[in-house]
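One structure below.
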Amino acid sequence: MKTEDFTTNNGFVQNELESLRDHLKNKKFSDVVDEEGNQYVDLVMEGGGMLGIALVGYVYTLEQFGIRFLQLGGTSAGSINALLMAAAGPKNKPSSEWLLEIMAEKDFYDFVDGDSDAKDFIKAVTSKSRALKLAWKGAQVIDNIREDFGLNPGSNFHNWMSELLKKKNVDTLAKLKELRKQGNDMLRLRDGTPYAAADAGRFALVAADITTQTKVNFPEMSDLYWANPDQVNPADFVRSSMSIPFFFHPYRLRNLPFGEKQLEKWRKVGYSGNVPDEVFFLDGGINSNFPIDLFHNHNKVPNAPTFGVKLGVDRHHPRIIRKVPDLLGAIFDSARQTHDFDFISRNPDYKHLVHCLDTASFNWLDFNMPDAEKRRLFEVGVRGAATFLTRFNWEKYKQLRQELVHVNKASAEMDAQMPTPDPLLADVSPN
């Protein structure tokens, strides 16, 4: 494929963008801007395997209308996009051009790098083969699961990501941090005040450390796992985040730093045991597939909003459960989504920031997806972004957020005035 197949040769995309130009001209999306006329937001992206192509369409559309990104976050496919966007170049430059080049050139089926039995089983699953065939092919991969805890080593992905980062000269965390600072001197508020937020350029990739049952935010928590995290290749972070259970081998890490200071760091994240000899990382989606709370601060009205993009319609109908696979799927989805749904329900302003892309007709594990389906997924992202940009009202959102800030402050003041209960009386109950 070529990048033009997604953009200039795609009549739908061009028509969609053209129809928006007059409508979005001079529209405000943020109070953080630069001298080139770009507006800056934070962005959090959900995980979803091959559905991540729709994320590229979403980002491409935002960038076409001068939106750039301060903080970037995500899980699994969302973390892949976030890392590549962070590494693409200075924050005032569009990142989707590079993402499109990568997407057009890569055969994603290369990620299925297990043995022939693993490939046969995955093909049977994605092609929705009959139960007898699935059972037969499944029996062939029992050893893979028992010995390696997964079907595919994930080495092709890790090497591919490392090479991409190397092309941008960001093969260490330290280099990526420096790159993310570029463009900060151009940032200002609309009144001309320089915007000097310390978190401008931050990125956050979510993984699940199942050894210590810790939700991990990389690179923020990387010093738990590496003695010198600034020298770690960021490809390690995203390899941890995208380790789909049983589809990929867990990402395993040994030789963790230890000592009293290290134990104190572990205590701060709620783990009270000894530093483990080995850690297993799985896809961050098993505990937070859409970590929209990454950049949240309920005590202030932000100068820049946090846009969120989900892959799938948001709980629009009850799950139909008739068979065991239906039950297992519902259990898995509940585990990975409940925390994020709960956050949005407790912070209703985020409903104005999050857009759900309707990807229901696509198979998120189809790494052998035909080119026509890839283009259609990209279009889903474009269409979703167009809808969101049209509806979003920055001034109305700030007003709503201000009201919530007042409520939070009043609640905190009331809590502070409440007397502290006597622990000696906590277990005393009336006769």
Side-chain angles (χ1 to χ4, degrees), residues 1 47-53 75-77 79-80 84 102-165 207-208 210 233 235-236 238-254 278-286 311 323-329 331-333 336 359 361-377:
M1 295 186 72
M50 287 296 292
L51 305 183
I53 293 173
T75 299
S76 196
S79 74
I80 296 170
L84 290 175
I102 293 169
M103 195 164 67
E105 294 173 357
K106 180 61 177 176
D107 181 355
F108 293 105
Y109 194 69
D110 291 341
F111 295 158
V112 183
D113 56 353
D115 60 23
S116 57
D117 287 338
K119 291 180 178 179
D120 285 347
F121 175 67
I122 292 168
K123 185 177 180 180
V125 171
T126 56
S127 62
K128 298 181 180 179
S129 299
R130 294 183 177 180
L132 184 60
K133 184 176 181 179
L134 282 174
W136 170 250
K137 294 296 182 181
Q140 310 305 311
V141 297
I142 291 176
D143 288 345
N144 304 59
I145 301 297
R146 183 175 61 240
E147 296 172 9
D148 299 313
F149 306 113
L151 299 176
N152 301 291
S155 301
N156 180 277
F157 172 85
H158 197 194
N159 294 337
W160 172 74
M161 181 60 70
S162 298
E163 287 299 315
L164 290 175
L165 297 179
I210 60 171
N233 191 319
D236 293 1
V238 78
R239 172 64 182 87
S240 303
S241 178
M242 55 72 71
S243 302
I244 301 170
F246 303 115
F247 191 91
F248 289 111
H249 297 183
Y251 188 62
R252 301 164 75 163
L253 194 64
R254 299 182 177 90
E278 180 180 36
V279 167
F280 283 64
F281 292 104
L282 282 183
D283 192 308
I286 68 173
L311 297 169
K323 299 179 181 179
V324 171
D326 299 331
L327 177 63
L328 294 176
I331 292 171
F332 178 69
D333 285 345
R336 69 195 185 106
T359 55
S361 62
F362 300 89
N363 186 332
W364 68 288
L365 283 177
D366 187 6
F367 289 92
N368 203 23
M369 184 178 289
D371 290 348
E373 290 290 275
K374 295 177 186 176
R375 286 194 295 270
R376 198 160 66 87
L377 254 179

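Values reported hereafter were calculated over all heavy atoms of this structure, with side chains retained and with hydrogens, waters and symmetry mates removed.
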Might you confirm whether atom [atom1] of [X] has over 12 heavy atoms from other residues, nucleotides or ligands at distances under 6.0 Å?
X: R146; atom1: CZ; result: yes
X: K123; atom1: NZ; result: no
X: K133; atom1: NZ; result: no

Less than 4.5 Å apart, side chain to side chain, heavy atoms only: is that true for [X] and [Y]?
X: M50; Y: F362; answer: no
X: P245; Y: I286; answer: yes
X: V141; Y: F246; answer: no
X: W160; Y: I102; answer: yes
X: F111; Y: N152; answer: no
X: M369; Y: Y109; answer: no

Next item on the list: For the pair S116 and Q140, evaluate side-chain contact (heavy atoms from CB on, under 4.5 Å) and give the outcome as yes or no after the intermediate values.
Entry: CA-CA 10 Å; S116 57; Q140 310 305 311; over 6 Å; no
Note to self: Please determine whether side-chain contact (heavy atoms from CB on, under 4.5 Å) holds for the pair R252 and F281, giving the CA-CA distance in whole Å, both sets of side-chain angles, and the decisive distance to 0.1 Å.
What the structure shows: CA-CA 6 Å; R252 301 164 75 163; F281 292 104; over 6 Å; no
Notebook entry, point to check: How about S76 and D283: does a side-chain donor come under 3.5 Å of a side-chain acceptor?
Noted result: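 Note: S76 and D283 side chains meet the donor-acceptor criterion.
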Notebook entry, point to check: Side chains of D115 and N144: do they bring a donor and an acceptor to under 3.5 Å?
Noted result: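 Judged by distance alone, the side chains do pair up.
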Next item on the list: Could you tell me whether K106 and D110 make a salt bridge, using a distance below 4.0 angstrom between a side-chain N and a carboxylate O?
Entry: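 Salt bridge present between K106 and D110.
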Checklist line | Counterpart residues, side-chain contact (heavy atoms from CB on, under 4.5 Å), relative to N363 (two or more places apart) | finding: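 side-chain contact (heavy atoms from CB on, under 4.5 Å) check on N363 returns T126, L365, D366.
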Next item on the list: Compute the centroid of each ring, for F247 and then for F367, and state whether the two points are separated by less than 6.0 Å.
Entry: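 Yes, close enough.
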Note to self: Could you go through M161 and I80, starting from their C-alpha distance and side-chain angles, then the distance that decides it, and tell me whether this counts as side-chain contact (heavy atoms from CB on, under 4.5 Å)?
What the structure shows: CA-CA 9 Å; M161 181 60 70; I80 296 170; 3.8 Å; yes
Note to self: Quick one: does any side-chain atom of D113 pair with a main-chain N or O of S155 as donor and acceptor, under 3.5 Å?
What the structure shows: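 A pair under 3.5 Å: yes.
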Check: Do the side chain of D148 and the main chain of H249 share a donor and acceptor less than 3.5 angstrom apart?
Finding: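 Checked: no pair found.
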Notebook entry, point to check: For the side-chain contact (heavy atoms from CB on, under 4.5 Å) test, which of S243, S241, S240 pairs with L282?
Noted result: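 That would be S243; it is the only one of S243, S241, S240 passing the side-chain contact (heavy atoms from CB on, under 4.5 Å) with L282.
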